[in-house]
Participant: 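I have a structure here, written as structure tokens, and I will follow up with some questions on it.
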Amino acid sequence: MKSLINFEKLKLEKEESKLKEAILKEDLDLPDTTGLSQFYKKPKKGKANLQSRIQDSNKEINTSDITEALFSRFSNHRFLIDNAYVFQDWESDFITVTESMYVYEIESKMSKSDFNDDFKKEGKHLLLEGKGSGTEILPNKFYYCCPRGMIAGYRIPEYAGLMEVTRNNGVLECVTVKEAPFLHKEDVFSQIKDTLLEKLAWRYRDIRLEEFQAMKQLTGRL
């Protein structure tokens, strides 16, 4: 009879609980795979709960902030676009093409439940794991991006990376916590180029029309 208890999940949750307790006690002998220790270790004024600290630091970070931070982080890349259908049947939150023409896909997550729900897209994750037919068009690398400290590094699948966004002195910053491995090194850009450039052209058109409309409304008031 198959056990109804997920022992692996219980083990990970126990490890995370121990790590949180160690950070609060400033006992950092335990390995910190989450990157939380330096960010949340502060002189204590009373015993603030670690989860409260995480929530306080993240409450001002929203989806737009993550997108802005990604645009800034990859401003030296060749192409950047958010919210576009390029790969298979799913919408990519963010796509960037490097100077070496490698294509990265980045999935934004604002909560742990949102992150957990992503794995209900079984078809997508089977492809990212390399269990497809081999004919699918996939990014060269795949990342998750979230507010800092929201997702523990060990919860990220082997085929994915993790980026975190925080606000430092009013400035949004995006850092790589876990580097994503190459899913493959094939020339993806040549396969998605037409679709990507068409979407970029339409996006530029919409932005310019919005600017013209805003200017027209402004001059109408003068």
Participant: Identify the heavy atoms of Pro147 and Ile61 that sit nearest to each other, and give their distance.
Facilitator: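 It is CG-CG2, 3.9 Å.
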
Participant: Below 30° counts as parallel, above 60° as perpendicular, anything between as tilted: where do the rings of Tyr144 and His125 land?
Facilitator: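 Parallel, since the angle between the ring planes stays under 30°.
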
Participant: Test your reading of the model: is there a side-chain donor-acceptor pair from Glu136 to the backbone of Ser133, 3.5 Å cut-off?
Facilitator: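 It does hold such a pair.
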
Participant: State whether Tyr102 and Lys141 meet the cation-pi test: NZ (Lys) or CZ (Arg) under 6.0 Å from the six-membered ring centroid, and within 45° of the perpendicular axis.
Facilitator: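 Relative to the ring axis of Tyr102, which defines the angle, Lys141 lies outside at least one limit.
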
Participant: Is a donor on one side and an acceptor on the other found under 3.5 Å between the side chain of Asn62 and the backbone of Asp65?
Facilitator: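 A pair under 3.5 Å: yes.
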
Participant: Are Tyr143 and Glu105 close enough, and set up right, to give a side chain to side chain contact (heavy atoms under 4.5 Å, CB included), and what steps lead you there?
Facilitator: CA-CA 6 Å; Tyr143 289 88; Glu105 179 183 357; over 6 Å; no

Participant: List the steps, then state whether side chain to side chain contact (heavy atoms under 4.5 Å, CB included) holds for Glu99 with Arg78.
Facilitator: CA-CA 6 Å; Glu99 285 294 317; Arg78 287 179 177 267; 3.6 Å; yes

Participant: Going from NZ on Lys124 to CD on Glu122, what distance comes out if it is rounded to the nearest 0.5 angstrom?
Facilitator: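 The NZ atom of Lys124 sits 13.5 Å away from the CD atom of Glu122.
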
Participant: Under 30°, 30 to 60°, or over 60°: which ring-plane class applies to Phe119 and Phe115, parallel, tilted or perpendicular?
Facilitator: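 Aromatic pair Phe119/Phe115 classed perpendicular.
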
Participant: Are side-chain heavy atoms of Leu183 and Asn140 found at a separation under 4.5 Å?
Facilitator: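 Not in contact.
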
Participant: To the nearest 0.5 Å, tell me how far Ser111 OG sits from Asp117 CG.
Facilitator: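 Interatomic distance, Ser111 OG to Asp117 CG, rounded to 0.5 Å: 7.5 Å.
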
Participant: Apply side chain to side chain donor-acceptor pair (under 3.5 Å) to Ser190 and Asp187, showing your working.
Facilitator: CA-CA 6 Å; Ser190 293; Asp187 179 12; 2.4 Å; yes

Participant: Could you tell me whether Phe71 and Phe94 have their ring centroids closer than 6.0 angstrom?
Facilitator: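 Aromatic pair counts; centres sit under 6.0 Å.
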
Participant: Are any non-hydrogen side-chain atoms of Cys146 and Met110 less than 4.5 angstrom apart?
Facilitator: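 Cys146 does not reach Met110 side chain to side chain.
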
Participant: What's the separation between atom CZ in Phe142 and atom OH in Tyr104, rounded to the nearest 0.5 Å?
Facilitator: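 Phe142 CZ to Tyr104 OH: 14.5 Å, rounded to 0.5 Å.
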
Participant: Are the side chain of Glu164 and the backbone of Gly149 linked by a donor-acceptor contact shorter than 3.5 Å?
Facilitator: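 Between the backbone of Gly149 and the side chain of Glu164 there is a qualifying donor-acceptor contact (under 3.5 Å).
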
Participant: Taking Thr67 as the fixed residue, which of Val165, Asp82, Ile106, Leu80 is the one that meets the side-chain contact (heavy atoms from CB on, under 4.5 Å) rule?
Facilitator: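 So, applying the side-chain contact (heavy atoms from CB on, under 4.5 Å) to Thr67 and each of Val165, Asp82, Ile106, Leu80, only Asp82 qualifies.
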
Participant: Would you give the length of the straight line joining atom OG1 of Thr166 to atom CD of Glu173, rounded to the nearest 0.5 angstrom?
Facilitator: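 Interatomic distance, Thr166 OG1 to Glu173 CD, rounded to 0.5 Å: 7.0 Å.
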
Participant: My understanding is that only residues two or more places apart in sequence, or in another chain, count here; which of them pass side chain to side chain contact (heavy atoms under 4.5 Å, CB included) with Asn83?
Facilitator: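 Here the qualifying residues are Glu91, Asp93.
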
Participant: Identify the heavy atoms of Ala160 and Pro181 that sit nearest to each other, and give their distance.
Facilitator: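 What the structure gives for the nearest pair is O-CD, 4.0 Å.
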
Participant: Nearest 0.5 Å please: distance from the CG atom of Leu162 over to the OH atom of Tyr154.
Facilitator: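 Reported to 0.5 Å precision, the distance equals 12.5 Å.
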
Participant: Determine whether more than 12 heavy atoms belonging to other residues, nucleotides or ligands lie under 6.0 Å from atom NZ of Lys193.
Facilitator: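 No, NZ of Lys193 has 12 or fewer neighbouring heavy atoms, counting only those of other groups under 6.0 Å.
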
Participant: Within a strict 4.5 Å, meaning less than it, do heavy atoms of the Met150 and Lys109 side chains meet?
Facilitator: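 Yes, their side chains come closer than 4.5 Å.
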
Participant: Drop me the distance from Ile151's CD1 to Arg148's CZ, to the nearest 0.5 angstrom.
Facilitator: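 If I round to the nearest 0.5 Å, the distance is 14.0 Å.
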
Participant: Looking only at atom types and distance, does a side-chain atom of Arg73 sit under 3.5 Å from a main-chain N or O of Met163, one as donor and one as acceptor?
Facilitator: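 It does not hold such a pair.
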
Participant: Flag yes if more than 12 heavy atoms outside Glu158 fall under 6.0 Å of its CD atom; otherwise flag no.
Facilitator: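 For Glu158, atom CD is not crowded (no more than 12 foreign heavy atoms under 6.0 Å).
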
Participant: Apart from Leu127 itself, which Ile, Leu, Val, Met, Phe, Trp or Tyr residues share its cluster (side-chain heavy atoms under 4.5 Å, direct or through members)?
Facilitator: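 Its cluster partners, ordered by chain and number, are Phe79, Ile81, Val86, Phe87, Trp90, Ile95, Val97, Met101, Val103, Ile137, Leu138, Val188, Phe189, Ile192, Leu196, Leu197, Leu200.
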
Participant: Do any N or O atoms from the side chain of Thr219 and from the backbone of Met215 form a donor-acceptor pair under 3.5 angstrom?
Facilitator: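 Side chain of Thr219 to backbone of Met215: a pair is present.
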
Participant: Where do Glu107 and Asp118 land on the side chain to side chain contact (heavy atoms under 4.5 Å, CB included) test, with the steps shown first?
Facilitator: CA-CA 9 Å; Glu107 180 86 9; Asp118 194 61; 3.4 Å; yes

Participant: Flag the pair Cys145 / Leu70 as yes when at least one side-chain heavy-atom distance between them is below 4.5 Å, and no otherwise.
Facilitator: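 A side-chain contact under 4.5 Å exists here.
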
Participant: So, do Glu211 and Arg208 sit near enough that their side-chain heavy atoms are less than 4.5 Å apart?
Facilitator: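 In contact.
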
Participant: Given 3.5 Å as the limit, does a donor-acceptor pair link the side chain of Thr98 with the main chain of Ser100, or not?
Facilitator: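 Answer holds: yes.
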
